[in-house]
Amino acid sequence: MQLLVNIDHVATLRNARGEGYPDPVEAAKICEQAGASGIVFHLRKDRRHIKTEDVYRLKETVKGDLDFEMAATEEMLTISKDVNPKLVTLVPESREELTTEGGLDMEKVFEDFRDRVFPAYADTDITTSLFVDPNEKDIELAAKLGSDAIELHTGTYANATTEADRNHELKRLKEGAELAHNLGMKVNAGHGLNIDNLIPLVETVPHLNDISIGHALVSSALFDGLDETVKKFLLIMNTATN
Ligand code: PXP
């Protein structure tokens, strides 16, 4: 099992002021130095966080696994093949959403992925992964396409508010992971994971390979570093006025 850090929200903060900092590529370096096995980014059509130039800089800098999360548009197919990351994770994307809202509807995308998307990667070394809900049908169709991996959508589990719902979602994830593994696919997982809900997930769900965590990790980092940073600024001010 390995941690891949999603650095999209470092770019969100950078873009909020149109400045060059905080730099998601610098954040990626720190994550890897701290032991993360790789970096995930989502290049969206509207470039609301990661920009195309970030992608090429990440490719140059990241030493571990680089996971290019994207919608299966022609533009993204072209960029991803040019960048040649370790992994491409295909996700549904709609303009209005704040974040990815669920797994791919495999029945809906099956023919398009079979005829257009998977052939595009056939002559590459890129590992393909499909972001799916823990449904038997979606997982079976992912295997039928010949996908190397799936990423189980953990958002419904993360958002469950009662213990019964949480346990129900954990059971679905466990069964989904077992099915995908038995069908010969690697099992990744992500969305909405945090320090609290990560523990039952990794204790319950077998065969987990890459765990992708972004929002909660970047948020925790902010609070873990705030105390030290305030002291640093105060030290400068006090030193300057003494
Ligand atoms: N996996 C996928 C497919 C995602 O779309 C996202 C969100 O960008 C994540 C993982 C990470 O989710 P979070 O930011 O909630 O940790």
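No experiment lies behind these values; they were computed from the predicted model shown. No hydrogens, no waters, no symmetry mates; every other heavy atom, side chains included, goes into these values.
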**Message:** For a quick test of reading the model, state the closest non-hydrogen atom pair linking Leu173 to Pro134 and the distance between them.
**Reply:** CD2-CG, 3.8 Å
**Request:** Would you check if Ile7 and Ile50 make a side-chain contact, meaning some heavy-atom pair closer than 4.5 Å?
**Result:** yes
**Asked** Does the side chain to side chain contact (heavy atoms under 4.5 Å, CB included) test come out yes or no for Leu90 and Phe113, once each step is laid out?
**Response** CA-CA 10 Å; Leu90 298 167; Phe113 278 25; 3.9 Å; yes
**Complete:** Applied to residues 208-232, the ring-ring contact (aromatic ring centres under 6.0 Å, His included) test, sequence neighbours excluded, yields His9-His215
**Which residues share a side chain to side chain contact (heavy atoms under 4.5 Å, CB included) with Ala221, sequence neighbours left out** = none
**Asked** Given Thr89 and Asp67, is the side-chain hydrogen bond (donor to acceptor under 3.5 Å, both in side chains) satisfied, shown in steps?
**Response** CA-CA 7 Å; Thr89 300; Asp67 181 359; 2.8 Å; yes
**ring-ring contact (aromatic ring centres under 6.0 Å, His included): pairs with one or both residues in residues 14-40, sequence neighbours excluded** = none
**Asked** Can you pull the ring-ring contact (aromatic ring centres under 6.0 Å, His included) pairs that have at least one residue in residues 23-65, sequence neighbours excluded?
**Response** Phe41-Phe68
**Message:** Between Glu69 (side chain only) and Val88 (backbone N and O only), is there a donor and an acceptor less than 3.5 Å apart?
**Reply:** no
**Fill in**
Separation between CG (Leu43) and CZ (Arg48), nearest 0.5 Å, reads 11.5 Å
**Asked** According to the ring-ring contact (aromatic ring centres under 6.0 Å, His included) rule, which pairs have a member within residues 122-162, sequence neighbours left out?
**Response** Phe131-His153, His153-His191
**Message:** Taking Leu234's backbone N and O only, do any of them form a donor-acceptor pair with Asn238's side chain (distance below 3.5 Å, no angle check)?
**Reply:** yes
**Leu183-Leu141 co-clustered via ILVMFWY side chain contacts under 4.5 Å** = yes
**Request:** Give a yes or no answer on whether the side chain of Asn6 reaches the backbone of Gly214 with a donor-acceptor pair at less than 3.5 Å.
**Result:** no
**Asked** With Ala180, which residues qualify under side chain to side chain contact (heavy atoms under 4.5 Å, CB included), at least two apart?
**Response** Ile139, Ile150, Met185, Val187
**Message:** Quick check for you: to the nearest 0.5 Å, what is the distance between Thr154 atom OG1 and Leu198 atom CG?
**Reply:** 9.5 Å
**Prompt:** Are Val91 and Val109 co-members of a hydrophobic cluster defined by side-chain heavy atoms under 4.5 Å apart?
**Reply:** no
**Message:** Tell me the closest heavy-atom pair linking Asp210 and Asn188, and the distance in Å.
**Reply:** N-OD1, 2.9 Å
**Message:** Looking at every non-hydrogen atom in both residues, tell me the closest pair between Gly102 and Pro92 and how far apart they are.
**Reply:** O-CG, 3.2 Å
**Item:** Pair Glu53 + Arg57: basic N to acidic O under 4.0 Å
**Value:** no
**Item:** Qualifying residues under side chain to side chain contact (heavy atoms under 4.5 Å, CB included), relative to Leu235, sequence neighbours excluded
**Value:** Thr239
**Request:** Please answer whether the main-chain N or O of Asn194 pairs with a side-chain N or O of Asn197 as donor and acceptor at a distance below 3.5 Å.
**Result:** yes
**Prompt:** Do you know the tightest heavy-atom contact between Leu13 and Pro22?
**Reply:** CD2-CG, 3.8 Å
**Request:** Just grab all the salt bridge (Lys or Arg N to Asp or Glu O under 4.0 Å) pairs involving residues 125-150, residues at least two apart or on different chains.
**Result:** Glu107-Lys137
**Message:** Regarding Arg166 and Glu169, does a basic nitrogen lie under 4.0 Å from an acidic carboxylate oxygen?
**Reply:** no
**Request:** Check whether any side-chain N or O of Asp165 sits under 3.5 Å from a backbone N or O of Thr161 as a donor-acceptor pair, and report yes or no.
**Result:** no
**Message:** Assess whether a salt bridge exists between Asp23 and Lys29, defined as any Lys/Arg side-chain N lying under 4.0 Å from an Asp/Glu carboxylate O.
**Reply:** no
**Request:** Return the minimal non-hydrogen interatomic distance between Arg14 and Asp54, and the atom names on each side.
**Result:** NH2-OD2, 2.8 Å
**Message:** Check this for me: Ile195, atom CD1, are more than 12 non-hydrogen atoms of other residues, nucleotides or ligands nearer than 6.0 Å?
**Reply:** no
**Prompt:** According to a 4.5 Å side-chain heavy-atom criterion applied to Ile, Leu, Val, Met, Phe, Trp and Tyr, with indirect links allowed, do Leu87 and Met1 form part of one hydrophobic cluster?
**Reply:** no
**Donor-acceptor under 3.5 Å (Asn84 side chain, Lys81 main chain)** = no
**Request:** Without swapping roles, check the side chain of Arg47 against the backbone of Arg44 for a donor-acceptor pair under 3.5 Å.
**Result:** yes
**Request:** Tell me, please, which residues at least two apart from Leu77 pass side chain to side chain contact (heavy atoms under 4.5 Å, CB included).
**Result:** Met70, Glu74, Arg116, Val117, Ala120, Tyr121
**Request:** Write out all pairs satisfying salt bridge (Lys or Arg N to Asp or Glu O under 4.0 Å) with one or both partners inside residues 178-198, taking only residues at least two apart or from two chains.
**Result:** Lys174-Glu178
**Asked** Do Asp105 side-chain atoms and Lys108 backbone N/O form a donor-acceptor pair below 3.5 Å?
**Response** yes
**Fill in**
Separation between CG (Leu222) and OG1 (Thr229), nearest 0.5 Å, reads 8.5 Å
**Pairwise distance CD(Glu93) to CG(Leu104) - rounded to 0.5 angstrom** = 11.5 Å
**Item:** Interatomic spacing from CD1 in Ile79 to OG1 in Thr52 - rounded to 0.5 Å
**Value:** 4.5 Å
**Message:** Holding to ring-ring contact (aromatic ring centres under 6.0 Å, His included), I want the full list of residues that pass it with His181, two or more places apart in sequence or in another chain.
**Reply:** His207
**Asked** If you group Ile, Leu, Val, Met, Phe, Trp and Tyr whenever their side-chain heavy atoms sit less than 4.5 Å apart, what else falls in with Val40?
**Response** Leu4
**Asked** Any side-chain heavy-atom pair from Thr78 and Glu75 closer than 4.5 angstrom?
**Response** no
**Joint hydrophobic cluster, Leu170 plus Val202, side-chain heavy atoms closer than 4.5 Å** = yes
**OG-CD1 distance between Ser37 and Ile211, expressed to the nearest 0.5 angstrom** = 10.5 Å
**Message:** Measuring only between side-chain heavy atoms, which start at C-beta, is Val5 closer than 4.5 Å to Leu3?
**Reply:** yes
**Message:** Keeping Thr128 on the side-chain end and Ser147 on the backbone end, is there a donor-acceptor pair under 3.5 Å?
**Reply:** no
**Asked** Between Ala142 and Leu130, what is the shortest heavy-atom contact and its length?
**Response** CB-CD1, 3.7 Å
**Prompt:** Salt bridge or not for Asp82 and Lys59, using N-O below 4.0 Å?
**Reply:** no
**Asked** Under 4.5 Å between any side-chain heavy atoms of Lys86 and Ile39, yes or no?
**Response** no
